[in-house]
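Before any comments, here is the structure.
Just so it is clear: chains get the letters A, B, ... in the order the sequence lines come, proteins before strands, and each one is counted from 1.
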2 protein chains.
Amino acid sequence: MLSKKTKYGLKALAFMARKEDTSPVQIATIASSENISQKFLESILLTLRKNGVLGSKKGKGGGYYLLKAPKDINMSEVMRILEGPIAMVPCVSLNFYERCDDCPDENACSVHSLMIELRDSSLSILNNKTLADLI
Amino acid sequence: MLSKKTKYGLKALAFMARKEDTSPVQIATIASSENISQKFLESILLTLRKNGVLGSKKGKGGGYYLLKAPKDINMSEVMRILEGPIAMVPCVSLNFYERCDDCPDENACSVHSLMIELRDSSLSILNNKTLADLI
DNA sequence: TAATTAACCTATAGATTTAGTAGATTAAAT
DNA sequence: ATTTAATCTACTAAATCTATAGGTTAATTA
């Protein structure tokens, strides 16, 4: 299940991408336009800034802005920042790998290959989607 | 993220599918072979029985058994029983549809079409996989 | 320089879900 | 009648999610 955090984050990014100019947008503006709790959105946008997706500017006329053109903001990158691993189990995650406690032998696990297939099919979509595709 | 419930359920089903004969398998046998808490596994197998995937027999020589051949047990069906919706958001779920509170217009939602693509790619895999493919 | 604006930071809280435990009951076989 | 193994009910601990509250910092403007 996609978390609200990710959903709101994607909506906020799309909101910024839809603007013609690249001037900063205030949290309050996005929050009210997209029906998102402002405080919650604050922490989401902060995460995106700390991970190099957004830039910010304080004070009057300040806000958040995209650091790259929408077509250069990749969906798998954004999903990993907001949602975490693309894979459904950590033992097949490319970027967040972890062993499973219950599996003595990963390659003997009956779930393993199915999870790899699912991961790859999701990745093939997300790797080829950008923020520009959302608008 | 795949829940332990689903993971354990799939492992238990694969365990049963690997046997040559179709005689009942006891919870305790599966639990110890697959490193699963017995009590937890109990509730999982019960769910699978109530949803028509497994049959059961009480008393000595009892246990759980597959109601169909592994090649006829579909993965999207099992996933829906154990994990719930295939889709990452309820508003694009085929079997568990729900509106989103924050979306005035579903079709205007920037996340919507991406979620449909992801759902469809997962479904195309799961619809064509059976329990026989796990073993 | 003072006031205003808007991002930034820390802490916390309520709700929900997940994963698991405990203990009693029911049905089948011996 | 005893043993076996599924079934049922209830509960708990921990983690995660979705926020909320309140103060701090930095930039702009008057």
Under 3.5 Å, which donor-acceptor pairs link side chains of residues 39-53 of chain B to any protein atom two or more places apart or in another chain?
unit_1, atom_1, unit_2, atom_2, d
B:Ser43, OG, B:Phe40, O, 2.9
B:Thr47, OG1, B:Ser43, O, 2.9
B:Asn51, ND2, B:Thr47, O, 2.8

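- Residues A:Leu54 and A:Leu66 form a side-chain contact, since some pair of their non-hydrogen atoms from C-beta on lies under 4.5 Å apart.
- Note: CG (A:Leu2) to P (D:dC17) measures 11 Å, nearest angstrom.
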Using distance only, find each side-chain donor-acceptor pair of residues 67-78 of chain B under 3.5 Å and give its atom names and separation, not counting sequence neighbours.
unit_1, atom_1, unit_2, atom_2, d
B:Asn74, OD1, B:Ser76, N, 2.9
B:Asn74, OD1, B:Ser76, OG, 2.4
B:Asn74, OD1, B:Glu77, N, 3.4
B:Asn74, ND2, B:Asn127, O, 2.9
B:Ser76, OG, B:Asn127, OD1, 2.8

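- Inspection of the B:Ser3 and B:Thr6 side chains reveals an N or O donor paired with an N or O acceptor under 3.5 Å.
- The nearest whole Å value for the distance from the CE atom in A:Met1 to the C1' atom in D:dC17 is 13 Å.
- If you take CE of A:Met88 and P of C:dT18, they are 12 Å apart, rounded to a whole angstrom.
- In this structure, CG of B:Asp101 is placed 12 Å from P of D:dT18, rounded to the nearest angstrom.
- The phosphate of D:dA19 has OP1 or OP2 within less than 4.0 Å of a side-chain N or O from A:Tyr8.
- Atom NZ of A:Lys4 and atom P of C:dT16 are 12 Å apart (whole Å).
- Whole-Å rounding puts the B:Ile36 CD1 to C:dT18 P distance at 17 Å.
- Between A:Lys7 atom NZ and D:dA19 atom P the separation is 11 Å, expressed in whole Å.
- Within 6.0 Å of CG on A:Asp21 lie more than 12 heavy atoms contributed by other residues, nucleotides or ligands.
- Residues from residues 37-63 of chain B with heavy atoms under 4.0 angstrom of DNA chain C, sorted by number: B:Ser37, B:Lys39, B:Phe40, B:Lys57, B:Lys58, B:Gly59, B:Lys60.
- A straight line from CG of A:Leu82 to C1' of D:dC17 spans 14 Å, rounded to a whole angstrom.
- Within a 6.0 Å radius of NZ in A:Lys19, other residues, nucleotides and ligands contribute more than 12 heavy atoms.
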